[in-house]
Amino acid sequence: MRFIHFIITWFFIVPIFGQHEKAVDFQKVEVKIAPLLSNQSIMGWGSYEFEVYRKTDSIFLDAVAMKFQSVNLNGRAINYRNSGRSIGFKAPKKPGTYKLKLSYTAEPKQTVYFVGFDDDLENNEQVWTQGQGKYTSHWLPSFDDMTEKAEFDLLFIVNSNLEVIANGKLSAKQKLNEAHGFPAPGMAKERVPKSRWRFKMNNPMSSYLAAFVIGDFDKQLTHSASGVPIELYYEPKDSLKVEPTYRYTTEIFDFLEEEIGVPYPWQNYKQVPVRDFLYAGMENTTCTIFSDQYVIDSTAFVDKNYVNVNAHELAHQWFGNMVTEQSGANHWLHEGFATYYAYLAEEVLFGSDHMYWKLYETAKTLHNLSENGDGEALTNPNANSLTFYEKGAWALFLLRDRVGDIAFKKGIQNYLNKYAFGNVTIDDFLNEMERTSNQKLQSFRSRWLEDEEFPWPDVQKYLIEKNASLKSYFTIYQSGGSYPDLVDTVIRNWDALASDQLKKQLIKDCSQSLIRKDFIEKLTNESVKVRQAFVMATRTIPEDLRHYFEEFLDDPSYLTKEIAFVKLSLAFPERRLRYLQDLENIYGLPNKNIRLVWLTVALLTDEIPQKGKGQFYKELNAYTNSNFSFETRQMAFEYLSQINALSDSSILNLIDATNHHIWQFKKSSRNLLRSLAKEEKDRVERILNGLPSQEQLRLKKIITP
Ligand SMILES: [Zn+2]
């Protein structure tokens, strides 16, 4: 909860000593935000309370590409310097409490995303933020350094028909009129009625965790066993998906409070799905934002659900938000811990087989990387996310195994309580663990945190000890389980196998060798996921087993249906019409996996007359426009280019996508445009010629890099 950039440009750097580590500490930030939706900009009025402990030269706030209309200190206008990256002013000479007031405008190029403003759909407009990695200082003068923590109270002025969701508790909401001095100068152009939303936080946090969402949302309210209000947001069109989307939310919440042993540190919690989000989820304090690709129906739950992300982001409310890393070299304390506690939550909900086999999968990946010389230390601030998340979680499993449950839990509690709302290093954590366990943890530190190598033998030993089905699996291989022995062993012992996870793994290992009548008949009563593993492992479908495979089209899984449909349609083109009929009007997962592949196959089916195909061609091409999520658009582009069916308007949509804020989508769109420009040179040139010259210039740079 302390820090300020002492720097640089036109004064001296002040040596750090004295009672307070830092000369200046920001304590409270109150900001009023009025997003101007029509031109995607932000007007803001910030009020910052800070304490000067001792003499320093200047004080800075990070503020990227902002314009300041006024800057006042304790009610008086002051001189300031706006570098385009930060705003700085001369520090007051005397120690004491001061109030800085700023009014500013910003047109954020990142961090605030305006989605759905350039399509022809109504009420799908959303504004949302992503602070971590993108910097809150693009929309709010604040502190890029995580060690400066302050209490953030956000206030919004937004069109009355929209919902605002932000950190903290909504303390007041009112419609505005002239009596409130509204509209303020500069806002006069927006004539829509506005409302004011006031959010209140009780505890300090780092700036990267400040967040808001604006859009058309409803919510359901629930409570944890301890009484914390939990708000579950959704778009009105998704009201029937609330239950499967948020399934187990209170169970996860109650479990984490119990398991961590420290009460949830904030006054409330909310979760909001948004469109075209950058990641799976982001743990903004009290206000997790996540991808709307997790907004699912009950059928989708088996293939894609929010449970893991839900638990991961919630665990961050303690590990990351309440205690925050001092620097990137301590990132394990965020991601390793959130991943670890999400595993524990999944174990409670889905059983330990589920958890240990998932852990086994990540261990294999980490082991392979390590074998190839690509292992990374957890203390490396530039390690990749697999290291921070999965190796990080593994380190905690092995640490707990070493110090024992009681010492581990006590150490976690002491660590959280001691550093609550402050910043931490790996040493701070290990010191607490050493104290409660009465063990020296230097060897753990070097093996798990500092070594680049992944400790595979320790991990294998651990898995064999903890999980019976993994133990059997390792035994099968140790006793020389190889083809065709393995296939025979599997078929002979199948009925005695108790673990679905083991069954899935064996199917994967044997793959095509299990495509036999005596085995396929055993699958009738297997779970959806075991059956799915079988369809996935199948490379070719023999004619005499066709009707067994056709049954997979009825499985209650969108993924199984899709895979079975594709494999059957390829193997038996003469039966495509029947398969198409089976899956007609099923859209599938949130990315519309089934509908897109259905349309593609329909366009390739000779029995469908050209006239009927016209409509399918139109529909598949329509999925490339910005009415749809980038996941759907990306798939539609891929299918259409594979069957050479991109329409001119899809190429225009592709051009639009070359500027998308999701870098993976931007990249794939640019690659596709590049190859189209080669294969269909004249056509692409003709389309480009119809665009404004500046846009042509931009695209030519993409096409000829
Ligand atoms: Zn995380």
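All values reported here derive from a predicted model rather than from experimental measurement. By convention here, the first residue in the shown sequence is residue 1. When a ligand or atom number is given, it counts from 1 through the structure's own listing order.
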Nearest 0.5 Å, what's the CG-OG1 distance between Asn203 and Thr285? 10.0 Å

The Zn ion (ligand 1) reached by His312 (N, O or S, under 2.8 Å): yes

Are Asn384 and Thr387 linked by a side-chain donor-acceptor pair shorter than 3.5 Å? yes

Glu335: which N/O/S atom is nearest the Zn ion (ligand 1)? OE1

Looking at Thr111 and Lys134, would you say the former's side chain and the latter's main chain have a donor-acceptor pair under 3.5 Å? yes

Short check: any N/O/S atom of Glu283 below 2.8 Å from the Zn ion (ligand 1)? no

Do the rings of Phe665 and Phe630 sit parallel, tilted or perpendicular, given the 30° and 60° boundaries? tilted

